[in-house]
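Remarks on the structure that follows.
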Amino acid sequence: MIKIEQADRLKQLPPYLFAELDRKKAEARKRGIDVIDLGVGDPDLPTPDNIINKLHEASREPRYHRYPSYTGMNDFREAVARWYKKRANVELHPLQEVVSLIGSKEGIAHIPFAFINPGDVVLVPSPAYPVYAIATTFAGGTPYEMPLLKENNFLPDLSAIPEDVLAKAKMMFLNYPNNPTAALATLDFFKTVVDFAVKHNIMICHDFAYSEMAFDGYVPPSFLETPGAKDVGIEFHSLSKTYNMTGWRIGWAAGNAEIIGGLGRIKSNIDSGIFEPIQVAGIEALEGDQQCLADMRTIYTERRDILVEGLKKLGISVEAPKATFYVWFEAPSGYTSSSFASLLLDKAGIMATPGNGFGDPGEGYVRMALTVSRERLAEAVDRMAAIGF
Ligand SMILES: *Cc1c(COP(=O)(O)O)cnc(C)c1O
């Protein structure tokens, strides 16, 4: 036997939030509880048929069975550029300003390796998708948390970042429509971000995972449509949430050519790209029939209304989100994030995510994902009414 010891970077990690939630859910199910899982943000709806059919077709072509190109098929990157032109009136050079990713998580996890040295600071929102801070730490950088507070509409207060932090800051992550708070950014906010980035020489990495999951006619702006955005940053995006393709692992980063190039260099030394039939299916997703988007929005709107109305009747103060499939609200008084999430799981068999799991400023909040049917959401509301709080 040899002594197997994990590297410090692993030893220092908190348990991955969603792995921990999975464990709790499995435990509850073992105890015979019929768990309604509103915990993890993974669409329960299937990938649209036209996309699956394209994968079938393309997977039979031997030319697609070989190593894919590192940076993505030209056809796929051209489709991404056309999507940006159509969706946000943004011009992108498909080969220099777009790189395909094995899901946007992969790109987010790798980008600090391209630009961050030990001692460099990366500005990360909190509460947030955990990968921004973890990837920063893996690359030897230091995350600095920008709290997302209700009084600022869950946008970071850039003027509150101390000068000594700014002097070391090299990169900033942002994510709107936001997970977990469902907050929105305006183009004005993005303009402030671009000016800030120029003034302090900070690269901006905007995560646009929920761009199409928006309701009541709201159309989220892309960071890249902000004047000057391409001089300072990139946008991460993926097919995961838009087309119910979380398991397929396909996404991209687009924007500033030097930043895209750096990310591409890291990737070409680590992975070998995305199976090409998946990229061909990805083109079909972006350019085929878009009825699935309208259907998806209708389904989440109906679910949202059931849950939000139900929570309001129980005396919880909550706003109907205009985007994302998350409902973010303050736990009833007397509860912390964790004690309320535990109450829901133990007494009502409902899995919700404690807000502090996304960072300390999320303390006091709970996130519920609209990833179960209307019937199950109605049942969740009934179960909550039955326990009383
Ligand atoms: C789901 C999610 C992602 C990851 O998406 P993939 O493209 O499937 O890796 C990235 N960012 C946020 C905020 C998410 O919620």
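Atoms within a ligand are numbered from 1 in the order they appear, just like the ligands themselves. Hydrogens, waters and symmetry mates are skipped; everything else that's a heavy atom, side chains included, is used.
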(message) Here's a test for you: under side-chain contact (heavy atoms from CB on, under 4.5 Å), which of Ile234, Ile204, Val232 qualifies with Ile259?
(response)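 Going through the options one by one, the only one that passes is Ile234.
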(request) Kindly check if the number of other-residue, nucleotide or ligand heavy atoms within 6.0 Å of OH (Tyr70) is above 12? (result)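 Result for OH/Tyr70: open.
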(request) Check whether more than 12 heavy atoms from other residues, nucleotides or ligands sit under 6.0 Å from atom CD of Glu287, and answer yes or no. (result) yes
(request) Establish, yes or no, whether a centroid distance under 6.0 Å links the rings of Tyr326 and Tyr210. (result) yes
(request) Kindly determine whether Phe389 and Phe340 satisfy ring-ring contact (aromatic ring centres under 6.0 Å, His included), including the steps that lead there. (result) CA-CA 9 Å; Phe389 34 75; Phe340 189 61; 5.1 Å; yes
(message) Please determine whether a side-chain nitrogen of the Lys or Arg among Glu27 and Arg29 lies less than 4.0 Å from a carboxylate oxygen of the Asp or Glu.
(response)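 No salt bridge links Glu27 with Arg29.
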Find all protein N or O atoms under 3.5 angstrom from an N or O atom of ligand 1 and list the pairs with distances, or write 'none'.
unit_1, atom_1, unit_2, atom_2, d
ligand 1, 5 (O), Ser104, OG, 3.3
ligand 1, 7 (O), Ser104, N, 2.7
ligand 1, 7 (O), Ser104, OG, 2.9
ligand 1, 7 (O), Ser238, OG, 2.8
ligand 1, 7 (O), Ser240, OG, 3.4
ligand 1, 8 (O), Ser240, OG, 2.6
ligand 1, 8 (O), Arg249, NH1, 2.8
ligand 1, 9 (O), Ser104, N, 3.2
ligand 1, 9 (O), Lys105, N, 2.8
ligand 1, 9 (O), Arg249, NH2, 2.8
ligand 1, 11 (N), Asp207, OD1, 3.4
ligand 1, 11 (N), Asp207, OD2, 2.5
ligand 1, 15 (O), Asn179, ND2, 2.9
ligand 1, 15 (O), Tyr210, OH, 2.6
ligand 1, 15 (O), Lys241, NZ, 3.1

